[in-house]
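In what follows, a structure is listed as structure tokens, so that the remarks can point back to it.
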Amino acid sequence: MMNQYLPQVKEQREADHAIDPIFLNRWSPRSYKSDAVPDEVLFSLFEAARWAPSASNEQPWRFVFARTQEDKERFYPFIADGNRVWCEKAPVLVLVISKTIGSRGTHNRAHAFDAGTAWGYLALEATRQGLVTHAMGGFDPEKAREVLGIPEGYEPQAVIAVGYQGEKEALNEALQEREKPSTRRALSETVFEGVFTAK
Ligand SMILES: Cc1cc2nc3c(=O)[nH]c(=O)nc-3n(C[C@H](O)[C@H](O)[C@H](O)COP(=O)(O)O)c2cc1C
């Protein structure tokens, strides 16, 4: 999918086993250029999410996106100030929602798990096409519900900023310090053969 590690990624991240560089190249910057995301690009990200697997193929993910000033201003009040300070520059904001009730009318235990897979697909396709994404749990789901008219049976999960990466220098000093790819726990702390060990 991708041949090379991005320069800023190469400095911070290393995979211990052979994988496609796209997995390390996806990270969550906070600096965005003001460049708009063309329609065909934006919809190709949702298309990638569309093909995620889900329990009983329920496809419980839903996306509400905002890219006009008017729509974005409707999103801002439900986003936490600490996120608003940087995400207002992103050309597109997406609220990921999951449908908690399955087609048989019963609770779908996998709704959040599956919406997470779909967002992961979206994020990787964005990386593949040279965009960046940043998920935010720092928002008020009840306010989002109210503002966007999300009924019971659907749960707001995360807001995603989507766009093209901007200069680190455009951020305030505190955010500049955080503007680098993070590392990960060792696989040995996460993967267990045969029996579980809490770590
Ligand atoms: C569900 C979810 C909620 C998150 N919430 C926030 C948030 O409110 N604000 C923020 O700056 N980053 C948020 N993040 C970004 C994570 O901190 C980030 O993904 C993690 O540190 C790993 O870094 P990476 O995405 O650059 O690899 C969130 C990520 C996820 C998946």
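Everything numeric here is computed off the predicted structure, so don't read it as measured data. Atoms within a ligand are numbered from 1 in the order they appear, just like the ligands themselves. Starting from 1, each residue takes its place in the sequence as its number. Computed from heavy atoms alone, side chains included, the values below leave out hydrogens, waters and symmetry copies.
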Show the distances, to 0.1 Å, for all pairs joining an N/O atom of ligand 1 and a protein N/O atom that are shorter than 3.5 Å, listing one pair per line.
residue  : atom   : partner : partner atom : Å
ligand 1 : 5 (N)  : G137    : N            : 2.7
ligand 1 : 8 (O)  : N83     : ND2          : 2.9
ligand 1 : 8 (O)  : G137    : N            : 3.2
ligand 1 : 8 (O)  : G138    : N            : 2.9
ligand 1 : 9 (N)  : N83     : OD1          : 2.8
ligand 1 : 11 (O) : R30     : NE           : 3.2
ligand 1 : 11 (O) : R30     : NH2          : 2.7
ligand 1 : 11 (O) : N83     : OD1          : 3.4
ligand 1 : 11 (O) : H134    : NE2          : 3.2
ligand 1 : 12 (N) : H134    : NE2          : 2.8
ligand 1 : 14 (N) : A135    : O            : 2.9
ligand 1 : 23 (O) : S182    : OG           : 3.0
ligand 1 : 25 (O) : R26     : NH1          : 3.0
ligand 1 : 25 (O) : R26     : NH2          : 3.3
ligand 1 : 25 (O) : S28     : OG           : 2.4
ligand 1 : 26 (O) : S28     : N            : 2.8
ligand 1 : 27 (O) : R13     : NH2          : 2.6
ligand 1 : 27 (O) : R26     : NH2          : 2.8
ligand 1 : 27 (O) : R184    : NH2          : 2.8

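- The side chain to side chain donor-acceptor pair (under 3.5 Å) contacts involving residues 30-39 comprise D39-R67, where partners must be two or more places apart or lie in separate chains.
- Rounding to the nearest 0.5 Å gives a distance of 12.5 Å between OG1 of T117 and CG of L122.
- Looking at residues two or more places apart in sequence or on another chain, you find a salt bridge (Lys or Arg N to Asp or Glu O under 4.0 Å) between D71 and R74.
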Show me the donor-acceptor pairs within less than 3.5 Å that the side chains of residues 146-171 make with the rest of the protein, sequence neighbours left out.
residue : atom : partner : partner atom : Å
Q157    : NE2  : S98     : OG           : 2.9
Q165    : OE1  : Q8      : NE2          : 3.4

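- Using bins of under 30°, 30° to 60° and over 60° for the plane-to-plane angle, the ring pair F75/F78 lands in the tilted bin.
- For an aromatic pair to be called close, the ring centres must be under 6.0 Å apart, and H134 with W86 satisfies this.
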